Peer 1: 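Please see the structure below; I have some questions.
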Amino acid sequence: MKYIVLSALFLFSCKEKETRKNPEKKDSVTVVKTPVAVSQHDTDILKILVDEEAETEKGARSDYKDYSVSFSNDGDSYTVSFQKIASDDFNNDGITDYIVERDSEGMLGGNANTNSEVMYIIMGKNSTISEKHEILMYAPFSYNILDGISYEGGKLKASAVQNYRVYSVPEDSLQSAQLSFVYKDGNVYEESYLTGCELGKWKNKKIFNSASEHYRSIDRHNYTETVNEKYHSAGFEASAELSGCDNMNIVFEGNYKTADTGIKSIGEKKKKTVS
């Protein structure tokens, strides 16, 4: 028995032209991050994340005092550390959730292992992680660089400036903006997406009529909503991701389980998949 993989990219336009969602030029404001008090009943989320990170590579060294993990990486060593930004019950289920900063530091500043991100972590029962949503703060080729992270009034605030490695403009022409992230209706949103993007106004985004799996999150670079779904039927599996701001992008992949790998059979299945 063999598998046939069929992939397709669909673009649906809601407006005449799609523009990359860049920060709007504003005065930059630096916000100082303050320590968050932890109650005795809170889960040690940082230890959970350290253990999870250490499982990604054999021989990793965990440090629970600094909540960090060190990797030898065949001589190109790097260290991943975690710092809690906030503890709150974002989905109002009575279980404490967390916002955590993850920093990875390589041997050189431009190293692929040098990056930072903010993670919204929604907890389930028995100290298990139910959801994880990631917002990229910095990577060598991230669209933006986030700084001045703070949590206040149920919102994560950040200052953003375009990454000079990505945009071919003079440094004094790089745009900046103040961003505000909020967890609502089961997902993390940058608030301007909800009001400034056509897709941000759509409710209950779905791809398949009878999806076997459905998961929403936030795009690490553009801060738009992403919807991932899977579909299963006899001899066929499909996965798809929906994203975008004013233009809807759908990436689709289908897998057929079949003994017939002839050109005619593959052509018929391809036609059936995209029709």
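Just so we're clear, the structure is a prediction, and the values are computed from it rather than from any experiment.
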Peer 1: Are Met123 and Thr96 packed together at the side-chain level, in the sense that at least one heavy-atom pair is separated by less than 4.5 angstrom?
Peer 2: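 Result no, sub-4.5 Å side-chain heavy-atom pair not found.
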
Peer 1: Do side-chain atoms of Asn187 reach the backbone of Ser217 as a donor and acceptor pair under 3.5 angstrom?
Peer 2: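 Side chain of Asn187 to backbone of Ser217, a donor-acceptor pair under 3.5 Å: yes, one is there.
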
Peer 1: Could you check whether atom NZ of Lys205 has more than 12 heavy atoms from other residues, nucleotides or ligands sitting under 6.0 Å from it?
Peer 2: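 More than 12 within 6.0 Å, yes.
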
Peer 1: How about Thr56 and Phe71: do any of their side-chain heavy atoms sit closer than 4.5 Å?
Peer 2: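 Heavy-atom side-chain distance check passes, below 4.5 Å.
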
Peer 1: Is a side-chain N or O of Arg216 found less than 3.5 angstrom from the main chain of Asp185, in a donor-acceptor match?
Peer 2: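 Checked: pair present.
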
Peer 1: To the closest 0.5 Å, what do you measure between OH (Tyr183) and CG (Asn91)?
Peer 2: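 So the OH of Tyr183 and the CG of Asn91 are separated by 5.0 Å.
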
Peer 1: Kindly determine whether Met248 and Trp202 satisfy side chain to side chain contact (heavy atoms under 4.5 Å, CB included), including the steps that lead there.
Peer 2: CA-CA 11 Å; Met248 180 171 61; Trp202 289 20; 3.9 Å; yes

Peer 1: Would the distance check show the side chain of Asn163 and the main-chain N or O of Arg165 forming a donor-acceptor pair, the cut-off being under 3.5 Å?
Peer 2: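 Side chain of Asn163 to backbone of Arg165, a donor-acceptor pair under 3.5 Å: yes, one is there.
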
Peer 1: Should Phe181 and Tyr151 be marked as a side chain to side chain contact (heavy atoms under 4.5 Å, CB included) after you check the CA-CA gap, both sets of side-chain angles, and the distance that decides it?
Peer 2: CA-CA 9 Å; Phe181 298 91; Tyr151 180 75; over 6 Å; no

Peer 1: Less than 4.5 Å apart, side chain to side chain, heavy atoms only: is that true for Leu46 and Tyr98?
Peer 2: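 No, every pair of side-chain atoms sits at 4.5 Å or beyond.
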
Peer 1: How far apart are the closest heavy atoms of Ser127 and Thr43, and which atoms are they?
Peer 2: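 Looks like OG-OG1, 3.3 Å.
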
Peer 1: Would you check if Tyr120 and Leu156 make a side-chain contact, meaning some heavy-atom pair closer than 4.5 Å?
Peer 2: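 Yes; the side chains approach each other to less than 4.5 Å.
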
Peer 1: Quick check: closest heavy atoms across Asp246 and Gly196, and the distance to 0.1 Å?
Peer 2: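 Taking Asp246 first and Gly196 second, the nearest heavy atoms are OD1-O, 4.1 Å.
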
Peer 1: Side-chain contact test, heavy atoms from C-beta onward, threshold under 4.5 Å: evaluate it for Asp97 versus Asp88 and give yes or no.
Peer 2: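 Contact flag for Asp97/Asp88 side chains = no.
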
Peer 1: Using 30° and 60° as the class boundaries, would you call the ring planes of His133 and Tyr215 parallel, tilted or perpendicular?
Peer 2: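 Ring orientation, 0 to 90° scale: parallel.
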
Peer 1: Can you give me the closest heavy-atom contact between Glu131 and Ile129, atom names plus distance?
Peer 2: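 In this case the closest contact between Glu131 and Ile129 is O-CG2, 3.5 Å.
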
Peer 1: Do Ser142 and Met137 have side-chain heavy atoms sitting under 4.5 Å apart?
Peer 2: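 They are not in contact (no side-chain heavy atoms under 4.5 Å apart), so the answer is no.
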
Peer 1: So which atom in Lys157 and which in Ser180 form the shortest heavy-atom distance, rounded to 0.1 Å?
Peer 2: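 Result for this residue pair: NZ-OG, 3.5 Å.
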
Peer 1: Does the side chain of Tyr189 reach to within under 4.5 Å of the side chain of Glu225, using non-hydrogen atoms?
Peer 2: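 They are in side-chain contact.
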
Peer 1: Would you say Ser130's side chain and Ile122's backbone share a donor-acceptor pair under 3.5 angstrom?
Peer 2: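 Pair absent, no side-chain N/O of Ser130 close to backbone of Ile122.
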
Peer 1: Indicate yes or no: at least one non-hydrogen side-chain atom of Ile45 is less than 4.5 angstrom from one of Met119.
Peer 2: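 Sidechains of Met119 and Ile45: no contact.
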
Peer 1: Rounded to the nearest 0.5 Å, what's the gap from CG on Asn115 to CZ on Arg220? Could you check?
Peer 2: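 Going from the CG atom of Asn115 to the CZ atom of Arg220 covers 7.5 Å.
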
Peer 1: Could you walk me through whether Glu53 and Ser68 pass the side chain to side chain contact (heavy atoms under 4.5 Å, CB included) test, one step at a time?
Peer 2: CA-CA 9 Å; Glu53 190 78 37; Ser68 63; over 6 Å; no

Peer 1: Output yes when a side-chain donor or acceptor of Glu241 lies under 3.5 Å from a complementary backbone atom of Val251, and no otherwise.
Peer 2: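 Side chain of Glu241 to backbone of Val251, a donor-acceptor pair under 3.5 Å: no, none is there.
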
Peer 1: Determine whether the aromatic ring centres of residues His221 and Tyr143 are separated by less than 6.0 angstrom.
Peer 2: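 Yes: the rings meet the under 6.0 Å criterion.
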
Peer 1: Once you round to the nearest 0.5 Å, how far does CD1 of Ile135 lie from CG of Asn144?
Peer 2: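 Reported value, rounded in 0.5 Å steps: 12.0 Å.
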
Peer 1: Measure the spacing between SG of Cys245 and OH of Tyr193 and express it to the nearest 0.5 Å.
Peer 2: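 Going from SG on Cys245 over to OH on Tyr193, the span is 7.5 Å.
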
Peer 1: Just checking Glu105: does its CD atom have more than 12 heavy atoms from other residues, nucleotides or ligands closer to it than 6.0 angstrom?
Peer 2: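 No - once you tally the heavy atoms of other residues, nucleotides and ligands closer than 6.0 Å, there are 12 at most.
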
Peer 1: Can you measure from CD1 (Ile218) to CG (Leu136) and round to the nearest 0.5 angstrom?
Peer 2: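 Spacing of CD1 (Ile218) from CG (Leu136) equals 11.5 Å.
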
Peer 1: Using modelled atom types and a 3.5 Å cut-off, is there a donor and acceptor pairing between side-chain atoms of Ser116 and backbone atoms of Tyr138?
Peer 2: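 No, Ser116 side chain to Tyr138 backbone: no donor-acceptor pair under 3.5 Å.
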
Peer 1: For atom NZ of Lys184, decide whether the heavy atoms of other residues, nucleotides or ligands shown that lie under 6.0 angstrom number more than 12.
Peer 2: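 Counting other residues, nucleotides and ligands, NZ of Lys184 stays at 12 neighbours or fewer.
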
Peer 1: When you check the gap from the basic side-chain N to the acidic O, do Arg102 and Glu134 get nearer than 4.0 Å?
Peer 2: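 Not counted as a salt bridge, because no side-chain N and carboxylate O are separated by less than 4.0 Å.
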
Peer 1: Look up atom CD in Glu229 and atom CG in Asn209, then write down how far apart they are to the nearest 0.5 Å.
Peer 2: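 One gets 9.5 Å once the value is rounded to the nearest 0.5 Å.
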
Peer 1: Apply side chain to side chain contact (heavy atoms under 4.5 Å, CB included) to the pair Leu146 and Val118, showing each step before the final yes or no.
Peer 2: CA-CA 10 Å; Leu146 303 190; Val118 171; over 6 Å; no

Peer 1: For the backbone of Ser81 and the side chain of Asp63, can you confirm whether one donor and one acceptor N or O come within less than 3.5 Å of each other?
Peer 2: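 Pair absent, no side-chain N/O of Asp63 close to backbone of Ser81.
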
Peer 1: What heavy-atom pair brings Ser243 and Leu199 nearest, and what distance separates the two atoms?
Peer 2: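 That would be O-CD1, 3.7 Å.
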
Peer 1: Looking at Asp93, is its backbone amide N or carbonyl O close enough to the side chain of Asp89 to form a donor-acceptor pair, meaning the two atoms are under 3.5 Å apart?
Peer 2: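 Yes: the side chain of Asp89 pairs with the backbone of Asp93.
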
Peer 1: Going by ring pair (Phe, Tyr, Trp, His ring centres under 6.0 Å), name the residues that satisfy it together with Phe82, two or more places apart in sequence or in a different chain.
Peer 2: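 Ring pair (Phe, Tyr, Trp, His ring centres under 6.0 Å) check on Phe82 returns nothing, list empty.
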
Peer 1: Using every non-hydrogen atom in the two residues, find where Tyr231 and Ser210 come nearest and quote the distance to one decimal.
Peer 2: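 Distance-wise, the nearest heavy atoms are CD1-O, 3.2 Å.
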
